[in-house]
Amino acid sequence: MDDDSRQHEALLRNKLRLQVVITLCVGSDIDRTPHRCARGCDIICPSPELEKRGERSLRLRFAPSPTGYLHVGGARTALYNWLLARRFGGAFVLRIEDTDISRSTEEAIEAILEDMRWLGLDWDEGPETGGDHWPYRQTGRATLYLKAARSLLEEGKAYRCFCLPEELEARREKAVAEGRSPMYDRRCRSIPPEETHRMEQEGRPFALRFLVPEGETVVRDAIRGDITFNNAEIEDFVLLRGDGTPTYNLAVVVDDRDMEISHVVRGDDHLPNTPKQILLYRALDTAEPAFAHLPMIVGQDGKPLSKRHGDVAVGRFREEGFLPDAMVNFLALLGWSLDDATTIIDRRTLVTNFGLERVGSKPAVWDDDKLLWMNAQYIMAMGDEDLARALMPFLAREGLAEEDDEQALERMLSAAPLIRERMKVLSDAVPLVAFLFREVEAEEEAKELLRGEENQAILRETGKRLLELDRFDSASIEEALRATAEGMGIKPRKAFQPIRVAVSGSRVSPPLFESMHILGREKCMQRIARALEAGGEQDR
RNA sequence: GGCGCAUUAGUCUAGUUGGCCUAGGACGCCGCCCUCUCAAGGCGGAGAUCGUGGGUUCAAAUCCCACAUGCGCUACCA
């Protein structure tokens with residue numbers, strides 16, 4: 001049996017096992033195999049609670065808060081959700097979590113949408129797309145939260161708290177200083193109803209707090225398994241602020257419930273929030289979704305990614321000339337693997353193979369070098385035309401050519417094969433091809449290659465030869481240059497350098513003959529003449 | 001402080017039911033080859049006592065316990 005068929009068999013076996021687990025999970029004995037379900041069945045199995053209600057459709061979401069640009073951590077979360085939705089034919093919902101009005105901005109929202117589109121993460125429901133659960137940003141859903149909050153209050157599952165933020169803060173500090181737990185002490189819980197009513201009538205602001213029930217709450221995480229939290233360690237968290245706006249925990253639960261989200265896949269910084277949310281789902285008499293918490297992405301120093309670690313905004317990668325597919329490939333591999341050997345994985349393969357069962361649980365360190373390498377791989381796989389077109393905006397930005405300049409595009413088309421494997425990001429092309437679009441001044445360090453008896457002679461002789469050529473294509477040019485070198489008894493690697501500097505202005509350039517061909521005889525001759533002049537002057 | 005999560009080479013990771021692991025692949029690094037420069041490519045190499053200490057077992061990276069370290073949460077931020 002060859003390797004291929006062995007691999008195939010292994011795949012088949014895996015698939016089969018998955019199938020079995022799925023069957024196991026959706027069967028009626030769900031409750032008796034809780035752990036097996038949480039870890040084994042992965043995302044394919046909707047949470048048992050939803051399952052009981054017969055709701056099987058997969059609905060995933062990405063819910064960024066527009067307090068800044070989309071960073072790579074968020075992008076990865078979005079990608080995983082998108083991949084899962086696409087793989088299993090589910091819906092991918094984009095929801096803007098802007099309950100923190102003071103920190104949210106319209107620009108941030110637009111930028112996030114733009115980055116999502118660039119990465120190719122299209123959403124089935126959300127801003128600009130619409131959907132059955134409109135609106136898809138939290139500021140437009142205030143009444144829904146209020147309604148949920150009211151019902152909790154009426155059912156005695158939440159209560160008014162008249163403590164002022166400053167008071168709470170002071171008490172917390174004191175508690176910590178004295179070594180006590182800084183948890184809210186529930187003092188407002190015991191205010192008699194008449195009193196509460198009176199204070200409310202007086203117009204005293206209050207926050208609504210959730211009354212955390214006794215007992216334990218188990219989070220069944222698809223990546224980590226079951227995690228048990230003691231409710232006694234969860235404080236009566238705030239649902240509604242003094243100004244009536246909802247806090248994150250309330251809003252997220254109400255939205256996920258209303259939008260019928262079946263699987264919540266997010267960063268593991270949310271793990272401690274999860275028991276609170278599960279409690280809320282239950283208080284609202286709603287089946288909770290399945291949860292999966294992704295490990296964070298951290299910098300080389302092990303600290304969470306932030307502006308400190310260089311710019312981690314998705315937009316920055318776009319501007320530098322990273323390709324969306326390379327980003328997606330790289331992001332996917334940050335915490336997930338296809339197998340024990342594959343690194344380059346196209347989007348299609350990702351979609352058909354991605355699953356939470358191969359998501360790891362330790363933090364992933366962002367590695368710029370590897371991203372660069374991967375991007376280079378994707379650039380090398382591009383066709384000439386695609387590459388040339390992709391490069392035009394970068395030329396335009398540097399003022400080398402208009403973006404829609406047909407002639408320039410034509411030139412880039414010929415240059416593409418020469419520079420493709422010399423770039424890591426698209427913007428790398430600019431210094432490589434600049435000499436094709438504008439006159440050059442030799443770099444300081446390169447100037448000495450134009451001076452001196454021998455170098456001048458090379459330039460002179462080569463110029464003569466080039467002039468005599470019938471055809472000015474790269475083969476003829478190569479022949480001429482080699483003949484010149486040989487005639488003068490100089491090694492090619494030495495003889496070509498002055499020409500390179502004369503033509504490109506640099507000691508490093510794309511392949512010489514092809515470059516000269518693209519530049520054209522006239523330009524080449526001019527530049528060699530100029531080099532002779534410049535080098536000759538220096539000599540005297 | 002409390003609660004939670006994590007811990008395989010510089011990095012991403014494979015390793016899921018203990019033996020096929022003298023720990024596999026990739027990035028990076030080093031060397032050689034190719035070569036008109038730079039790349040790309042080819043070949044080869046160094047680099048991991050699998051956080052530490054115990055235990056279970058004929059056998060542990062894999063199971064159990066403790067400790068250490070890192071990170072997260074502990075907000076009327078999300």
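What you see below is based on every heavy atom in this structure, not just the backbone, and it leaves out hydrogens, waters and symmetry mates. Lettering of chains follows the sequences in order, A, B, ..., and the numbering in each one begins at 1.
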Contact list (N/O, under 3.5 angstrom) for nucleotides 71-75 of chain B vs protein:
unit_1: C71(B); atom_1: OP1; unit_2: Lys303(A); atom_2: NZ; d: 2.5
unit_1: A75(B); atom_1: O5'; unit_2: Glu235(A); atom_2: OE2; d: 3.2

Closest to side chain of Glu514(A), choosing from C36(B), A26(B), A40(B) = C36(B)
For Phe237(A), which contact category applies under a 4.0 Å heavy-atom criterion: base, sugar-phosphate, or nothing?
-> nothing
When we call it a touch if two heavy atoms are under 4.0 Å apart, what does Gly267(A) touch: a base, just sugar-phosphate, or nothing?
-> nothing
If you look at every strand shown and take non-hydrogen atoms under 4.0 Å, does Arg507(A) touch a base, only sugar-phosphate, or nothing?
-> base
Closest to the Glu233(A) side chain, choosing from A39(B), U8(B), C3(B) | C3(B)
Give Ile234(A) one of three labels, base, sugar-phosphate or nothing, depending on what nucleic acid heavy atoms sit under 4.0 Å from its own.
-> nothing
Approximate separation, where rounding is to 0.5 Å, of Ser476(A) OG and Met516(A) CE | 11.5 Å
Please walk me through it: do Arg500(A) and Gln497(A) pass side-chain hydrogen bond (donor to acceptor under 3.5 Å, both in side chains)?
-> CA-CA 5 Å; Arg500(A) 186 189 309 284; Gln497(A) 280 307 74; 2.7 Å; yes
Look at all strands and tell whether Pro205(A) reaches a base, only sugar-phosphate, or nothing, counting heavy atoms closer than 4.0 Å.
-> nothing
Would you indicate, yes or no, if G15(B) has its OP1 or OP2 atom less than 4.0 angstrom from a side-chain nitrogen or oxygen of Arg358(A)?
-> yes
Could you tell me whether Pro511(A) contacts a base, only the sugar-phosphate backbone, or nothing, with contacts defined as non-hydrogen atoms closer than 4.0 Å?
-> base
Side chain proximity check, Phe237(A) to Thr247(A), heavy atoms < 4.5 angstrom | no
Is Thr343(A) close to Gln377(A) at the side-chain level, that is, under 4.5 Å between some pair of heavy atoms?
-> no
Quick one: the side chain of Arg500(A) and the base of C36(B), do they pair up donor-acceptor inside 3.5 Å?
-> yes
Contact class for Thr99(A) vs. all strands (heavy atom < 4.0 Å): base, sugar-phosphate, or nothing?
-> sugar-phosphate
Within the structure, does a side-chain N or O atom of Ser337(A) lie under 4.0 Å from either OP1 or OP2 of A14(B)?
-> yes
Arg189(A) and Asp236(A) ion-paired at < 4.0 Å | no
Residue-phosphate contact under 4.0 Å: Lys370(A) side-chain N/O, U13(B) OP1/OP2 | no
May I ask you to say whether Arg482(A) pairs ionically with Glu486(A), meaning some side-chain N is under 4.0 Å from a carboxylate O?
-> no
Do the charged groups of Arg171(A) and Glu167(A) touch, with an N to O distance under 4.0 Å?
-> yes
Contact class for Ser65(A) vs. all strands (heavy atom < 4.0 Å): base, sugar-phosphate, or nothing?
-> sugar-phosphate
Which is true for Gly242(A) with a 4.0 Å heavy-atom rule: it touches a base, it touches only sugar-phosphate, or it touches nothing?
-> base
Take atom CG of Asp226(A) and atom P of G4(B), then tell me their distance rounded to the nearest Å.
-> 14 Å
Would you call Asp339(A) and Arg358(A) a salt bridge, taking side-chain N to carboxylate O under 4.0 Å as the test?
-> no
With sugar-phosphate meaning primed atoms plus P, OP1 and OP2, does Leu512(A) contact a base, only sugar-phosphate, or nothing at under 4.0 Å between heavy atoms?
-> base
Would you classify Cys161(A) as touching base, sugar-phosphate or nothing, given that sugar-phosphate means primed atoms plus P, OP1 and OP2, and contacts are heavy atoms under 4.0 Å?
-> nothing
Candidates A78(B), C76(B), C5(B) - which lies nearest the side chain of Pro165(A) = C76(B)
